[in-house]
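One structure is given below, encoded as structure tokens.
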Amino acid sequence: MRPTDNDPFDLGFDADDAFTTGASDPWRSSAPSLKPAVGGFEDPFAEFPPARPRDDAPPARGPLDAAPATRPTPRAPQHAGGHPLVAEAPEPPPAPNYHEPLADDGLGDAVIPRITIHAFCARPETARLIEHAAADRRMGRATTIVRDGGLEAAVEYYQNQPTPSLVMVETIDTAQRLLHQLDGLAQVCDPGTKVVVVGQANDIALYRELMRRGVSEYLTQPLSPLQVIRAVGGLYADPSAPFVGRQIAFVGAKGGVGASTLAHNFAWAMAETLETATVLVDLDLAFGTAGLDFNQDPLQGVLDALTQPERLDPVLMDRMMVRCGDRLSLFAAPATLEDDYAFDAETYEEVTQKIRGAAPFVVLDIPHAWNAATRRVLVGSDDLVVVATPDLASLRNAKNIIDLVRGARPNDAPPRLVLNQVGVPGRPEIPVKDFGEALGVLPSLVLPFDPKPYGQAANNGQMLAEVAPKSKAAEGVEHLARLISRREPPPVQKTSMFSGLFKKR
């Protein structure tokens with residue numbers, strides 16, 4: 001019902017009338033119609049500095065070569081048990097600092113497919129931000145070219161050029177001029193090209209009009225690289241896949257530091273304590289111990305998946321995995337020396353990406369062997385846990401791993417450090433504080449030397465929380481699981497003292 005003339009709140013403005021362009025709309029027939037992704041209106045009261053397009057800027061930037069930047073680490077919550085746990089301290093970020101909190105659900109982000117992206121930016125700050133996002137690991141397959149001039153330059157450029165898979169345009173003009181320029185862009189866009197608009201006005205009426213015209217997404221300032229990456233990823237996400245699981249990789253700074261043991265106990269804590277569906281993948285094909293630690297027969301799960309990655313689907317994965325409980329599944333290693341296990345890095349990446357669709361959390365047990373596949377898996381993981389002992393060799397190797405991963409993942413949290421086997425009698429050790437300062441990352445977890453529960457659990461094919469639930473090791477692994485997953489155990493239901501009287505006998 002429309003307001004009457006006597007209505008004092010009738011200002012004579014109608015959103016539908018204000019953005020009507022007539023019956024012939026070139027965007028309706030050519031542009032794709034997609035469900036808008038979340039993230040365009042995160043802060044309606046955010047302030048942004050006014051900016052003008054550069055007059056002396058070159059017309060094109062060419063291929064990207066963005067310098068990596070390190071993102072500050074969120075401070076971990078303090079544990080109530082009083083055991084020696086050290087939370088990571090945030091580091092001073094380089095300028096510019098594109099910090100964005102992680103997703104609330106704690107899941108991973110999809111990898112952008114092999115597409116071509118053209119970005120036409122009206123401000124130099126936005127151009128640098130797009131270049132920073134293009135250097136991210138999730139956009140490693142995509143080809144991104146950044147140009148100046150904004151939406152007006154895009155319309156002029158595509159007069160004689162074909163449009164790529166995705167066009168990102170920025171505008172600082174008013175809504176009416178934006179819609180007028182979009183009409184011109186619609187005339188030169190090829191069918192199937194997706195368009196993302198970066199604007200200044202956080203207006204729901206404008207957003208709806210852009211969606212009606214076929215624009216794939218509308219983003220407002222201020223932006224961060226992760227917002228841009230997730231907006232692009234949402235446009236190419238598989239609608240049949242309900243989620244992309246968060247990939248957590250455990251790697252040892254050297255052999256014998258206990259990385260595999262902690263990875264297995266971490267996966268068990270995720271499934272049993274936090275009650276979250278988890279998949280454990282043992283990538284140590286020759287010497288993997290996941291089958292022994294869970295008292296399972298050494299199946300050929302991981303080897304079969306790596307041998308036929310193109311056939312790996314949910315049905316086949318379910319047959320390859322071993323059930324270790326209601327929520328924990330295991331991709332066991334064959335643990336034999338009959339084969340050489342020569343698989344390239346692309347095969348490992350393809351298999352791990354498909355496994356990420358099997359559960360919300362995927363834990364990878366990475367062997368201590370350096371090759372192209374190890375590098376690809378470590379860089380492609382959402383979280384990396386480096387396990388070390390307080391000695392010089394672990395310090396050197398851990399620093400090399402952390403520095404490499406930091407440079408390759410400019411928009412991710414830095415790797416987490418776990419110091420294990422601290423306090424071995426008679427062994428000289430590097431102090432925990434000095435160890436963390438040398439790496440630039442304070443340990444997220446410090447575990448004292450306590451061989452009894454570890455040995456008993458390993459010999460019995462059980463987890464630390466099963467043989468010694470009150471030990472520092474079991475409490476520390478649970479703390480690490482809560483810290484990385486950002487989840488808390490479900491509340492324990494209290495039972496009445498009289499409930500047993502009414503049970504059927």
Side-chain angles (χ1 to χ4, degrees), residues 35 103 105-114 138 141 233-250 263-264 266-272 274-286 288-336 338-339 341-367 373 376-377 380-383 485:
K35 181 173 64 174
D105 55 9
L107 299 183
D109 294 318
V111 177
I112 310 302
R114 300 184 187 277
R138 305 164 187 85
R141 300 179 180 179
L235 301 180
Y236 295 92
D238 185 4
S240 62
F243 56 81
V244 177
R246 191 164 190 84
Q247 184 171 294
I248 307 162
F250 280 73
H264 304 166
F266 176 89
W268 187 92
M270 292 288 297
E272 299 298 329
L274 302 183
E275 298 185 2
T276 303
T278 307
V279 174
L280 173 62
V281 185
D282 190 351
L283 293 179
D284 192 349
L285 302 180
T289 58
L292 294 176
D293 287 347
F294 287 95
N295 197 20
Q296 299 289 339
D297 293 332
L299 301 178
Q300 304 273 338
V302 177
L303 181 60
D304 292 339
L306 294 172
T307 304
Q308 43 188 350
E310 68 284 347
R311 297 183 59 244
L312 198 60
D313 56 17
V315 177
L316 186 58
M317 279 193 292
D318 188 68
R319 296 177 180 175
M320 293 178 178
M321 292 186 295
V322 178
R323 298 294 178 183
C324 299
D326 295 336
R327 302 176 186 86
L328 180 60
S329 301
L330 171 63
F331 262 103
T336 62
E338 298 176 357
D339 298 322
Y341 308 117
F343 299 101
D344 54 22
E346 287 74 15
T347 301
Y348 276 92
E349 183 180 28
E350 182 179 358
V351 170
T352 53
Q353 286 296 326
K354 290 184 177 181
I355 295 177
R356 291 178 69 170
F361 291 92
V362 178
V363 181
L364 304 182
D365 181 8
I366 310 296
R376 184 76 63 90
V377 172
S381 298
D382 298 296
D383 288 279
S485 66

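Counting heavy atoms from C-beta outward, Arg376 and Tyr348 have side chains that stay 4.5 Å or more apart. Contact annotation: the side chain of Val279 approaches that of Ile355 to within less than 4.5 Å [non-hydrogen atoms, C-beta and beyond]. When side chains are defined from C-beta on, Leu292 does not count as touching His264, because their heavy atoms never get closer than 4.5 Å. Annotation: side chain of Ile248 is not in contact with side chain of Val362 (no heavy-atom distance under 4.5 Å). Looking at heavy atoms from C-beta onward, Leu312 lies in side-chain contact with Met320 at the 4.5 angstrom threshold.
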field: Audit row: Thr307, Tyr341, side chain to side chain donor-acceptor pair (under 3.5 Å) steps and yes/no
entry: CA-CA 9 Å; Thr307 304; Tyr341 308 117; over 6 Å; no
- request: Go through the steps to decide whether Val281 and Leu330 satisfy the test side chain to side chain contact (heavy atoms under 4.5 Å, CB included), and finish with yes or no.
  value: CA-CA 6 Å; Val281 185; Leu330 171 63; over 6 Å; no
message: Before you tell me yes or no, could you show the steps for Arg323 and Asp318 under salt bridge (Lys or Arg N to Asp or Glu O under 4.0 Å), namely the whole-Å CA-CA distance, both residues' side-chain angles and the distance that decides it to 0.1 Å?
response: CA-CA 9 Å; Arg323 298 294 178 183; Asp318 188 68; 2.5 Å; yes
Intermediate values then yes/no, side chain to side chain contact (heavy atoms under 4.5 Å, CB included), Gln247 and Leu364: CA-CA 7 Å; Gln247 184 171 294; Leu364 304 182; 3.4 Å; yes
message: I'd like to know whether Arg356 forms a salt bridge (Lys or Arg N to Asp or Glu O under 4.0 Å) with Asp382, so could you lay out the CA-CA distance, the side-chain angles of the two residues, the decisive distance to 0.1 Å, and finally the verdict.
response: CA-CA 11 Å; Arg356 291 178 69 170; Asp382 298 296; 2.5 Å; yes
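Of the inter-residue distances, the one linking Ile366 atom CD1 with Asp284 atom CG reads 10.0 Å to the nearest 0.5 angstrom. Here the CG atom belonging to Leu280 is positioned 11.5 Å from the CE atom belonging to Met321, to the nearest 0.5 angstrom. Atom CG of Leu328 and atom CD of Glu272 lie 7.0 Å apart (nearest 0.5 Å). One distance of note links CG of Leu306 with CG of Leu285; it measures 6.0 Å at 0.5 Å rounding. Here the CE-CZ distance, from Met270 to Arg246, works out to 10.0 Å after rounding to the nearest 0.5 Å. In this structure, Trp268 CH2 and Leu274 CG are separated by 10.5 Å, a value rounded to the nearest 0.5 Å.
Closest of all the heavy-atom pairs between Gly288 and Ala333 is CA-CB, 4.3 Å. The shortest heavy-atom contact between Ala277 and Ala359 is O-CB, 3.7 Å. Nearest approach of Ala305 to Val351, heavy atoms of both residues: O-CG2, 3.5 Å.
No side-chain N or O of Thr278 forms a donor-acceptor pair with one of Arg327 less than 3.5 Å apart.
A 6.0 Å sphere centred on CG of Asp326 holds no more than 12 heavy atoms belonging to other residues, nucleotides or ligands. Shown here is Glu338, whose CD atom has no more than 12 heavy atoms of other residues, nucleotides or ligands within 6.0 Å.
Side chain of Thr347 to backbone of Phe343: no donor-acceptor contact under 3.5 angstrom is found. At distances below 3.5 Å, at least one donor-acceptor pair connects side-chain atoms of Asp282 with backbone N or O atoms of Ala290. Remark: side-chain polar atoms of Lys354 are paired, donor with acceptor, to backbone N or O of Pro309 under 3.5 angstrom.
Aromatic ring pairs are classed by plane angle as parallel below 30°, tilted from 30° to 60° and perpendicular above 60°; the pair Phe250 and Phe266 is tilted.
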